[in-house]
Number of protein chains: 2
Amino acid sequence: MRYVYSFSEGNKDMREILGGKGANLAEMTSLNLPVPSGFTITTEACRKYYLENKTIDKDILYQIGEKLLELEEKTGKKLGDINNPLLVSVRSGARVSMPGMMDTILNLGMNDKVCEGLIIKTNNSRFVYDSYRRLIQMFSDVVMNLPKESFEGLFDKIKLEKNIKNDTDLTSSDLLEIINKYKEEYRRLTNTEFPQDPKVQLLEAIKAVFRSWNTDRARTYRKLNGIDDNWGTAVNIQMMVYGNMGEDSGTGVCFSRNPATGEKNLYGEYLINAQGEDVVAGIRTPKPISTLNEIMPDCYQEFKNICEILENHYKDMQDMEFTIENGKLYILQTRNGKRTPQAAVKIAVDLVKEGKIDKDEALLRVDANTIDQLLHPVFDEGDLKNAKLIAKGLAASPGSAYGKICFSKEEVQNRYRTGEKDLILVRDETSPEDIEGINLANGILTKRGGMTSHAAVVARGMGKCCISGCNNITIDYINKTLTIDGNIIFNSESYISLDGSTGNVYGGMIKTKDSDITGEFSEFMDWARQRKKLQIRVNADIPRDALLAKKFKAEGIGLCRTEHMFFEEDRIFHFRKMILAPNREKRIEALNQILPYQRSDFEGLFMAMDNLPVIIRLLDPPLHEFLPKSEEEIVILANSLNISNESLKEKISLLKEFNPMMGHRGCRLDITYPEIARMQARAIIEAAINVKNKGISVIPEIMIPLVGSKTEFNFVRNILIDEIEKVEKERNCNLSYKIGTMIEVPRATIKADEIATVAEFFSFGTNDLTQLTYGFSRDDSGKFLNDYYNNKILDFDPFKTIDTEGVGKLIDLASKLSRKTRKNIELGICGEHGGDPKSIEFCNKINLNYVSCSPYRILTATLAAAQAVIKEKGNK
Amino acid sequence: MRYVYSFSEGNKDMREILGGKGANLAEMTSLNLPVPSGFTITTEACRKYYLENKTIDKDILYQIGEKLLELEEKTGKKLGDINNPLLVSVRSGARVSMPGMMDTILNLGMNDKVCEGLIIKTNNSRFVYDSYRRLIQMFSDVVMNLPKESFEGLFDKIKLEKNIKNDTDLTSSDLLEIINKYKEEYRRLTNTEFPQDPKVQLLEAIKAVFRSWNTDRARTYRKLNGIDDNWGTAVNIQMMVYGNMGEDSGTGVCFSRNPATGEKNLYGEYLINAQGEDVVAGIRTPKPISTLNEIMPDCYQEFKNICEILENHYKDMQDMEFTIENGKLYILQTRNGKRTPQAAVKIAVDLVKEGKIDKDEALLRVDANTIDQLLHPVFDEGDLKNAKLIAKGLAASPGSAYGKICFSKEEVQNRYRTGEKDLILVRDETSPEDIEGINLANGILTKRGGMTSHAAVVARGMGKCCISGCNNITIDYINKTLTIDGNIIFNSESYISLDGSTGNVYGGMIKTKDSDITGEFSEFMDWARQRKKLQIRVNADIPRDALLAKKFKAEGIGLCRTEHMFFEEDRIFHFRKMILAPNREKRIEALNQILPYQRSDFEGLFMAMDNLPVIIRLLDPPLHEFLPKSEEEIVILANSLNISNESLKEKISLLKEFNPMMGHRGCRLDITYPEIARMQARAIIEAAINVKNKGISVIPEIMIPLVGSKTEFNFVRNILIDEIEKVEKERNCNLSYKIGTMIEVPRATIKADEIATVAEFFSFGTNDLTQLTYGFSRDDSGKFLNDYYNNKILDFDPFKTIDTEGVGKLIDLASKLSRKTRKNIELGICGEHGGDPKSIEFCNKINLNYVSCSPYRILTATLAAAQAVIKEKGNK
């Protein structure tokens, strides 16, 4: 088995074993681009490392040795050779990029002797000592897990002693002093000397990279991003080139297009006389890439050409790292660049227009899960006019956000947990440890760091608003204050507002509102709509949601939950009266009070959805959910019902259930109280007739919930038809309507063929079907599902993504059975899963007719439905 | 379509359309037995009557007319002919007997004119008037639904005026006076005259019988007895013969064998000068059949011969009605007699020995559901010695019972509902309205009525202890007292005890104990065991139940619920401590306290089941079920845990669940707290080793509950194996054991093939599987399931009998899937259904290996398993 590949032996399709970075280094090598030589240890070697109790197999060691020899031959340098030493970088590289998550060690091969030789060779002792101190610092941190602060403290102390501000101002003797202090500290902390043998350094570094795959922060990142824990990371060993060789050297990162907006301009930044990590770490604020043209026009032109070559080759926007060593350009990495959803859409559409990819490919380029972020709020224009601009930083990740200030990720987490949802994380700079805080905050503001700093990259990945490099702010972590230009002071209770698209920071709260769908976005969604097969409907209970959904081109209402209407203040009293009625007459009396409200609710929905189907589900939850719970409310209700508190309490306790999810609810209510079904049928049909009389086309579909057998369905259906016929007769008007059912108890899936003989449509209620198929109560499973994830018993949340192997099998079975007895039955899903791309792909595969989701998920569902078709046809 | 058949045209195999009575009348006619001529209107005519809005179809009317003509020709009499009138009875007759449930009208064809003619013809005005007044009375009740009391009141009033005790002492002029009063009352209540046209009488009577199919009491009876509401009743029109023609006339009912014990002796009773309903109604206490030999030896001999003929013909014990008219014997009905389970077994075994039927037939002759009644308690001999005999009645239905006295069915129902379970219903006589009271009471005591009175028949049918005709008791319904011989007084709070096998009534409570399995019963069960394929196991948590089950020849423990053990007083404290432990160490500490108890529990079970398999289920219920609920208990627990009441209450409330049935329970507990699984595994294996060391063979099977996926199962299985291997190492002993799972969440049935790759056995937990497949919470479904039955949405209780079409399909699917990946997997069920004959038939059909049920259902399960094999082979 082969575990190590030279860059010249791989290609971009080998990312599973070489990792993304390794595969692209290999690809660029074969494109003859200026890539420093090197080799890649595969992800399989990483897996083997874990399988064999964190040791590197002999065979792998042997293969590393072979490739190292090859590298030494190719470069003419030798690891540890005093006269002509090979120095290498050791970098992680997983199948998919996990920015900042895993470890890197640079300048490996340096030791006391090599140092001396290299000074002779380069005649640049400052550079040599700087490289050596960096190696000791990184090795101590990454390999030995020694506290970062120890070494940073020593470094800062010397800077202070020498009264030096910038690292670059340190002299070579300052640096030698630092090296000696570092070695002393290393000895103190480990009781051993810093290893002088470059091969020991290399081996330990490789192991450290393997180990970095499994740090807490890496695992958290993978969980958030759905990355498999078993993939492992590759390790890239590459000849060092130096951006810190002087003023004719430098290093930078660059996107071939703007990752925030998608505009076609080089977008990047660099630092002169620096090593790569200085740019990403955000310690010095780098310069925009365009200024490189002024300093080193040849390098800039060469880089521009390489960008063009790479974009044409990869047919996608590239995210590159480069280093200039004594005026010579090297490309250290390229990969498809992360981008905001906005940029993803614009780039995809532009690439089609440039003839580089076709529409199908473009549709696959955008993560359907993120597309709803394009609808993320923008500032309300009125509020904005009156807002006070207090600072300006880099527009690192677009979107608008407001919130109270938090000064640490812990503060975000704590305040979020206690119910404060609008929070802004404000930091000098962020680090991978801050991920959860970034995730929970509305937006991020950092003092330092550029467009590619940690905060910027992560925020863009999450589609979260971010402003970085906002130099005129001062943060006092101890007293928790944010000071602008030294005079305006904000604290934890102050609101600020961020515009990530301009970099503007405002004092106070600026309200936000939804974005519009225009330009490339609109075009892109049109392509998706043309491609998809599934109909996309909306779960909407009120006209406002229905109208919103129509803006997103929803093709009907897939689920209107009538119970939500009963909770409104003006009707809950009548509804409670109905529930507590001592007999049928009193119950009907109360229902008659509710009828006008229901009718007008439905009129609103029908008007909004003009000519599109509207599925209305009959009352579903158990009645006790509608009764008051607090003592105070009980007293009020008892008074208005003119009964004693005790008697009301007794009635309430009689209605209580042990397992309400499986209790007296759904069609079971209509079986016990047919008058409820009658009232609802009447409200629906009267509303439909009223709206029809206004010349608006109406397609009501009445849905009977929680059906498990044909007899159950028929019983309720007969009540409905009887009442509908009465209304039609009274109003002298015929109406076409459908009566169907929600398939949510497992039995219904098995009896689907029988039920379909009488039901005209099925809507799979995947929330309840998942609860019953697993026997997981959604309200209670929080108590144990984390243990399931941690122990890898479940690798997805079945309430978010359809369990295709279990619940999905039942849905597929029911679909097939139902089509046997009713060829044209309308089939769809209306649970949370209706807005989940993976679930939508499944629905497309088993040929459902529609999915229904919440208004803000309609674009996601539309795109996912298109992607499902494209993937299925293998057109990719 | 043919709706009417002469008796000479039918046979016993036509009971579906002719009803049981009609088919047997036809059969007896073809055997040339002395059956009065007549014809039968089919059950299909009844169904048509309901379908056509309660009218009799023209075609059917025509067919009735034709058959009436035929009957008139055959008998030489004519309906309404003054000189030679045909008088007929109109009787119901369903496919299966529903004793006393439906209506009968006798003496039909009588009117003022016919009366006069018949007096001339018979020269017996007393008989004629008596017949006429009976017609008016029955017609008013059955056809016109007039209040019974009106007519009975008039009758009693005249008896009082004339100072007459027995009906037979009324003179013909008394009877004429009654007729006139009756006609007047009829006029007053209906505003019409009593119909003089015999054809009108006939038609109305037929309709009334049809209607009687659908009375409340008939529907209740059918529900209790699992009879289809759609079958309908046939109507038998038969020439009247008269047992009330004088002292050479009489009427009676008789069984060919003793229906209480099964002994081969004629067993019946009769009344001289009476009509049939007088015997059944229990108004006069009839004489034993043997005394007929003294009064009318010829009739008696002829009757004995006919019994012999009928038994040989039907190959079963017969229940016959006969009438003697002026010394001539007529047989009015025969049917297979209802009998106690004791009698059923004895008769079946005797018939095999007599060569009349084979063993398979014998096994089918006993209702498996009733066989456990043979184990019904008998009085404890010690208690019985000291008991005070207070009265003696007829031994109407065997068994022993004690309880407090209830004087009405309502009282039984109310007291039963409030938790009093030991009740005796005491009545002058019972009527069909009392069925539910009889059902709930431990036993029945009546003052009037014979061995075939309503109380006796119904109680025998239910296998319930009953003493009838206990003349020396006096019941005061108003003051609720029972007085014996006028001096000993009992009230509602007094206990009495009944021995239904001797007719002895005792004062006070005599404790009861189980019966033994001996004689024919033992022989019969041996035949069943030889025939069955399914293994019968027991659900037993404690050695006492296990030993009881072994007495009934259980073949292993199918389910030991370990949680039951934790509720015992000496361990609940440790268990609660475990639940409330703040961390893992404290939890393990508490579990270590429980370990010795668990181990000794299992030792007891293993010892009891020597060499038979024992399935032990790991802890299943959610932990909060074990915590105290009352304030008082909470205080005590908080004290012993040395924490504050508030903090305990908070912990308890944190553990509460919305839907505990689908909550943190089953294997989910072991996933969160692996230490629980470890403790239980250790207890099982240590117990097994200890018992094995005593030379007793042990086969432990460890069952992981509530599994829904292979990963879930594997996680727990690995914990178990790890702990088991530890114990084996510590004890230096290897043990063979199995690890399997309970299939109770629907997902498990779909994933059975995968799960079976690692699970060695499946036990279908049909209780939970039914809950989840239907989405019916068993604890809550009482609120709506009655509406399901009443509306015919469900025609069985899915928690009692497996829903073969839904839940059963999943079980079948899982069985097939699992056998694909593990050919010899052990499959069984262990829910309530394991003791239900219909469910057992299903289990046999899909080739499960075993069923497991509660100890007292083992014989039922054994017999049902044998019957399933016989039915399947079509050997019947």
Side-chain angles (χ1 to χ4, degrees), chain A residues 622 654-666 668-669 671-674 706 708-709 711-715 744-751 754 768-781 783-788 791-795 798 803 805-807 809-810 813, chain B residues 622 654-666 668-669 671-674 706 708-709 711-712 714-715 744-751 754 768-781 783-788 790-795 798 803 805-807 809-810 813:
Chain A
L654 274 176
L655 280 165
K656 264 193 198 139
E657 295 184 303
F658 294 96
N659 294 288
M661 198 267 124
M662 304 160 71
H664 195 183
R665 52 170 290 226
R668 299 164 196 173
L669 292 172
I671 287 167
T672 321
Y673 309 119
L706 216 72
S709 70
T711 46
E712 231 176 354
F713 180 84
N714 257 346
F715 183 84
E744 45 194 336
V745 304
R747 194 175 191 279
T749 62
I750 314 167
K751 305 300 283 176
E754 282 182 22
D768 280 358
L769 189 58
T770 299
Q771 291 198 78
L772 291 168
T773 304
Y774 273 96
F776 283 169
S777 160
R778 201 143 77 125
D779 293 326
D780 302 305
S781 58
K783 284 187 181 139
F784 53 87
L785 279 188
N786 271 331
D787 296 316
Y788 274 64
N791 291 306
K792 295 179 194 172
I793 294 167
L794 259 178
D795 53 10
D803 159 40
E805 308 236 310
V807 179
K809 262 195 193 163
L810 288 177
L813 175 73
Chain B
L654 275 176
L655 280 167
K656 262 191 197 140
E657 295 184 302
F658 294 96
N659 295 288
M661 199 266 126
M662 304 159 70
H664 196 182
R665 51 170 289 230
R668 299 163 196 174
L669 293 172
I671 287 167
T672 319
Y673 309 119
L706 216 70
S709 70
T711 47
E712 230 176 356
N714 258 346
F715 184 85
E744 45 193 337
V745 304
R747 194 175 190 280
T749 63
I750 314 166
K751 306 298 285 175
E754 283 182 20
D768 280 357
L769 190 58
T770 299
Q771 292 199 80
L772 290 169
T773 304
Y774 273 96
F776 284 169
S777 158
R778 200 143 78 126
D779 293 325
D780 302 305
S781 58
K783 285 188 178 138
F784 53 87
L785 279 187
N786 271 331
D787 296 315
Y788 274 64
N790 292 338
N791 291 306
K792 296 178 194 171
I793 294 167
L794 259 178
D795 54 10
D803 158 41
E805 308 236 310
V807 180
K809 262 195 191 163
L810 287 178
L813 174 73

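In what follows, every chain begins at residue 1, and chains take the letters A, B, ... in the order their sequences are listed.
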> In Å, rounded to the nearest 0.5 Å, how long is the span from OH of A/Tyr774 to CG of B/Leu772?
13.5 Å
> Could you walk me through whether A/Asn791 and B/Ile671 pass side-chain contact (heavy atoms from CB on, under 4.5 Å), step by step?
CA-CA 8 Å; A/Asn791 291 306; B/Ile671 287 167; 4.1 Å; yes
> Tell me, side chain or backbone of A/Leu785 under 4.5 Å from chain B's heavy atoms, or both, or neither?
neither
> side-chain contact (heavy atoms from CB on, under 4.5 Å) for B/Met661 and A/Met661? Distances and angles first, verdict last.
CA-CA 10 Å; B/Met661 199 266 126; A/Met661 198 267 124; over 6 Å; no
> I need the B/Ser781 OG to A/Phe658 CZ distance, nearest 0.5 Å.
11.5 Å
> Which atoms of A/Phe715 come close to chain B, meaning under 4.5 Å heavy atom to heavy atom: side chain ones, backbone ones, both, or neither?
side chain
> Show your working on side-chain contact (heavy atoms from CB on, under 4.5 Å) between A/Arg668 and B/Phe784 and close with a plain yes or no.
CA-CA 7 Å; A/Arg668 299 164 196 173; B/Phe784 53 87; 3.6 Å; yes
> Indicate the atoms forming the closest heavy-atom contact of A/Lys656 with B/Lys783, along with that distance.
O-NZ, 2.7 Å
> Among A/Glu805, A/Arg665, A/Lys809, A/Glu744, which residue has the highest count of heavy-atom pairs closer than 4.5 Å to chain B?
A/Glu805
> Please report the closest heavy-atom contact between B/Asn659 and A/Met662, naming both atoms and the distance.
OD1-N, 4.5 Å
> Please look at A/Thr672 and chain B and tell me whether the side chain, the backbone, both or neither of the residue comes under 4.5 angstrom of a heavy atom of that chain.
both
> What distance separates A/Ile750 CD1 from B/Leu810 CG, expressed to the nearest 0.5 Å?
3.5 Å
> Flag the one option from A/Leu655, A/Asn714, A/Thr749, A/Asp779 with the top tally of heavy-atom pairs under 4.5 Å to chain B.
A/Asp779
> Side chain, backbone, both or neither: which part of B/Leu654 has an atom under 4.5 Å from a heavy atom of chain A?
backbone
> Count the heavy-atom pairs under 4.5 Å between each of B/Leu669, B/Asp803, B/Leu706 and chain A, then report the option with the highest count.
B/Asp803
> Nearest 0.5 Å, please: how far is CZ in A/Arg747 from OG1 in B/Thr773?
9.0 Å
